[in-house]
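I have placed the structure first, in the form of structure tokens, so that the comments after it can refer back to it.
In what follows, every heavy atom counts, from backbone to side chain, and hydrogens, waters and symmetry copies are set aside. Just so it is clear: chains get the letters A, B, ... in the order the sequence lines come, proteins before strands, and each one is counted from 1. Every value quoted in this text rests on a predicted model; they were computed, and no experiment measured them.
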Amino acid sequence: MSVTSIIQSAVIKGLEQLFQKTFTSKDFQINETKPEFEGDYTVVLFTLLKPLKQSPDQLGNTLGNYLLDQQPGLFSAYNVIKGFLNLTISDQYWTDILDQNFENNIYGKKESNGKRIVVEYSSPNTNKPLHLGHLRNNFLGWSIAEILRAEGYKVIKTCISNDRGIHICKSMVAWQQFANGATPESTGIKGDHFVGDYYVMFGEVHKKEIISLTEKGMSKEEAEKEAPIMKAAQQMLIDWEAGKPEVMDLWKTMNSWVYSGFDTTYKRIGSDFDKLYYESDTYLLGKKLVEDGLKKGIFFTKPDSSVWIDLTADGLDEKIVQRKDGTAVYITQDIGLAVNKYDEFKYDQSIYVVGDEQNYHFKVLKLICKKLGLPSSDGIYHLSYGMVELPTGRMKTREGTVVDADDIMDEMINVAAAKTAELGKVKDFTDLELKELYDIIGLGALKFFILRVDPKKRMVFNPEESIDFHGFTASFVQFSHARAKAILRNEDADSSYIYKATTSLLPLEKALLIMLERYPLIITLAATDHNPSLLVTYGYELAKTFNSFVTEHRVLKAESEDKKQLRLRICRMTANVLASGLALLGIKAPERM
RNA sequence: GGUCCGGUAGCUCAGUUGGAUAGAGCAUCAGCCUUCUAAGCUGAGGGUCAUUGGUUCGAAUCCAAUCCGGAUCACCA
């Protein structure tokens, strides 16, 4: 149990004993005491004054006295300032936490709670390579899954490949018309980039055709639809849904190129999946569900034979679920997928890590599933995250302002390598060890930078300024970990050591123990809020406190054997927690750097 | 236009269900490596929490209005 909940229960019990009144944890607040006051945790008394008809001083002193009297092992002092009751927790309590957990490698992780959560993330389109936005998705999804796992959930990571549809046909058409049989092998271009180039080419050709058509007097909207290359893509989609062999062959070939490129990138960033879904499989079930819904009268057909659902009564609009030519739209396959996932995993919750531009889409999806009476609907949760923008604004493919995932990773790793060489602290590393270290530092910096922002908020990524290894960065946390490990390499904490006397804790020692005690709670908060940034902030603050501690106090040459052992244990536990917290973010902690 | 989200230091971001004098990092300035890793530590300057009104013991936080920015309302995904 966390120290805050222990204090909470103690206060509730105290108020009951002293005033014969029952309160709950919601009736008052417990905060960490501000540094400028004496104490560790603070009970905010204001909300209790009226019901108890007490003055702040009266209540504070009565309660403070009571707590100290009842639990001398827990509380060692108190003071009352205005309406704040500042409690000092006894040093013994903190050192007990340390002694019980300094060797515990799974500290902070919870027992299984028997609940299942499906986390869908990454979900790429197979027509272009990953960019910065996808990285935020991958880092977030992977981290959330790991955090929930640590919190005791059975987590299934899934990925849906948006491997079919008009957008896929676009790159296929462009390749067919302009590639002259070129392949990733023949050109030496990574598969996903290769296919992406044809997607871009489609856009360019399309644009030219529109211009030439509008010059002949056609309206812009009409020209967009009537452009020959667009007609070819639409026809290809119809052929694809009909299973035309040559189209299927081309589709399979081009997708395989993309997947081989993705595999490389996924391996590098550490994304992994327990179950892969393909839109090409789920869209048929979706279409079947549309058919069922039509029979049940949940959907309706328009005169041109397109199928719709009317959600105006729920404050939304009419939404198309099937085109007039009978082909599936984006949401069709998502309905099928929701059913697939539920059938296979009987989940308690199904999380979709998808950008906030699709908030409306997921509202509609959940509502449609509900109206269809699918059991999968209740658990649907859209983990919506903000877009990644550049200082110049939103990334735009057409303007060539997209930051490619592979490029930015290369750059981070290169700068990490240069910085490491400049510092010259690992000259004895082999080439292989060095390469691994550069990856750990470069990718760590990138993940940390992206995960430190609250997922819900959009963020600005400045490619130049973001490449930093000082301050609020992964390197800072990794460095602190390596520093602790360096000390422990000289002399490890002695598991069997028993303190000779009760030592009083110095401020920085105590500050570290208070922070270490909070770690399990931080995981819970991050899991509940689906927010890895809480762990980022926590890791940084722990590292920062540790650095001050190491600068201020000697460990190996401590004042006494008791102090030395205490500090070695602090080093050990801090290193554990730093590495563990980073691991939940997908960041490795090197032994040396 | 409807709906939803956001606006905190020059820049990038924190700020638990309302609590004490609003915090970090970067950038700027001043110190600290014969001592367990200086990717570090210590300190300084920097704020009308978009604006106005309201709720109350108390508001960056809750409510309303206004201004600014973004997303969405596609037979794109």
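- Ring centers of A:Phe362 and A:Tyr352: under 6.0 Å apart, within the cut-off.
- Side-chain proximity of A:Arg518 to the nucleotides B:G40, B:A20, B:U16 is greatest for B:U16.
- At a threshold of 4.0 angstrom between heavy atoms, the contacts of A:Asn359 with the nucleic acid are absent.
- Atom OH of A:Tyr538 and atom C1' of B:G25 are 20 Å apart (whole Å).
- Nucleic acid contact class of A:His481 (heavy atoms, under 4.0 Å, all strands): none.
- Using a 4.0 Å heavy-atom criterion, one finds that A:Leu556 contacts the bases of the nucleic acid, with or without backbone contacts as well.
- Toward the 5′ end of RNA chain B lies the nearest nucleotide of A:Leu488, the other residue of the pair A:Leu488 and A:Leu437 mapping further downstream.
- On a pure distance criterion of 3.5 Å, no polar donor-acceptor pair joins the side chain of A:Thr473 and the base of B:A39.
- Residue contacts shown for A:Ser480 are absent, as no nucleic acid heavy atom lies under 4.0 Å away.
- No salt bridge links A:Asp281 with A:Arg164; every basic N to acidic carboxylate O contact stays at or beyond 4.0 Å.
- Backbone-only contact: A:Ser548 has heavy atoms under 4.0 Å from sugar-phosphate atoms and none from a base.
- Base contact: A:Ile441 has a heavy atom under 4.0 Å from a base atom.
- If you check B:A71, B:A20, B:C57 against the side chain of A:Phe46, the one that comes closest is B:C57.
- Remark: RNA chain B forms stems of 3 or more consecutive Watson-Crick or G-U wobble pairs, all pair distances under 3.5 Å, at B:1-7 with B:67-73, B:10-13 with B:23-26, B:28-32 with B:40-44, B:50-54 with B:62-66.
- Among the atoms of the strands shown, base atoms are found under 4.0 Å from some heavy atom of A:Arg554.
- As judged by a 4.0 angstrom heavy-atom cut-off over every strand, A:Tyr360 is placed among residues touching the sugar-phosphate backbone only.
- For A:Tyr330, the side-chain atoms get nearest to B:A77 when compared with the rest of B:G40, B:A77, B:C57.
- Within the nucleic acid shown, A:Lys26 has no heavy atom closer than 4.0 Å to any nucleic acid atom.
- For the pair A:Lys425 and B:A38, the criterion of a side-chain N or O lying under 4.0 Å from OP1 or OP2 is not met.
- Residue A:Lys50 places at least one side-chain N or O under 4.0 Å from the OP1 or OP2 atom of B:C57.
- Across B:G43 and B:U61, the matching C1' atoms stand 31 Å from one another, rounded to whole Å.
- An OP1 or OP2 oxygen of B:A39 is reached within less than 4.0 angstrom by no side-chain nitrogen or oxygen of A:Arg483.
- With hydrogens and angles ignored, no donor-acceptor pair under 3.5 angstrom links the side chain of A:Asp468 to the base of B:A27.
- Residues A:Phe28 and A:Phe46 place their aromatic rings such that the two centres sit no closer than 6.0 Å.
- The residue A:Met459 sits close only to the backbone: its heavy atoms come under 4.0 Å of sugar-phosphate atoms, none of a base.
- Between B:A77, B:G40, B:C26, one nucleotide has an atom nearer to the side chain of A:Asn162 than all others, and that is B:A77.
- In this model, no donor atom of one side chain and acceptor atom of the other lie less than 3.5 Å apart for A:Thr473 and A:Asp468.
- Comparing atom distances between the A:Val44 side chain and each of B:U72, B:A77, B:G19 picks out B:G19 as nearest.
- Taking 90° from 0 as the syn/anti boundary, the base of B:C33 is oriented syn.
- Across all strands shown, A:Asp454 has heavy atoms under 4.0 Å from sugar-phosphate atoms exclusively, and none from any base.
- Closest contact between the side chain of A:Phe84 and the listed nucleotides B:C36, B:A39, B:A20 involves B:A20.
- The phosphate of B:G40 (OP1 or OP2) has a side-chain N or O of A:His470 nearer than 4.0 angstrom.
- You'll find the ring centres of A:Tyr381 and A:His530 inside the 6.0 Å limit.
- Looking at heavy-atom distances under 4.0 Å, A:Ser384 makes no contact with the nucleic acid at all.
- With distances taken from any side-chain atom of A:Lys544 to the nucleotides B:U16, B:U21, B:C41, the minimum falls on B:C41.
- If you look at A:Trp251 and A:Tyr278, their ring centroids are not closer than 6.0 Å.
- Stacking annotation: A:Phe476 is not stacked on the base of B:G40 (requires ring centroids less than 5.5 angstrom apart and an interplanar angle below 30 degrees).
- Aromatic rings of A:Phe448 and A:Phe476 (six-membered ring for Trp) have centroids beyond the 6.0 Å cut-off, not under it.
- Comparing the C1' positions of B:C13 and B:A38 gives an interatomic distance of 25 Å, to the nearest angstrom.
- For A:Ala486, the listed nucleotide lying nearest its side chain is B:U37; candidates were B:G25, B:A39, B:U37.
- In this structure, A:Asn127 reaches neither bases nor backbone, as no heavy-atom distance under 4.0 Å exists between it and the strands shown.
- Of all heavy-atom pairs spanning A:Leu390 and A:Thr401, the tightest one is CD1-O, 3.0 Å.
- Here the side chain of A:Phe479 is nearest to one of B:U21, B:A38, B:A77, namely B:A38.
- Among the protein residues, A:Thr47 comes within range of the nucleic acid bases, having at least one heavy atom under 4.0 Å from a base atom.
- Between A:Leu423 and A:Arg458, the one whose closest nucleotide on RNA chain B sits nearer the 5' end is A:Leu423.
- Phosphate proximity of B:A20 to A:Lys34: present, with a side-chain N or O under 4.0 Å from OP1 or OP2.
- Put simply, A:Lys564 has no side-chain N or O that comes within less than 4.0 Å of OP1 or OP2 on B:C36.
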Derivation and outcome, salt bridge (Lys or Arg N to Asp or Glu O under 4.0 Å), residues A:Arg572 and A:Asp492 = CA-CA 8 Å; A:Arg572 181 85 178 264; A:Asp492 204 347; 3.3 Å; yes
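- Under 3.5 Å, the side chains of A:Asp562 and A:Ser560 contain no donor-acceptor pair of N or O atoms.
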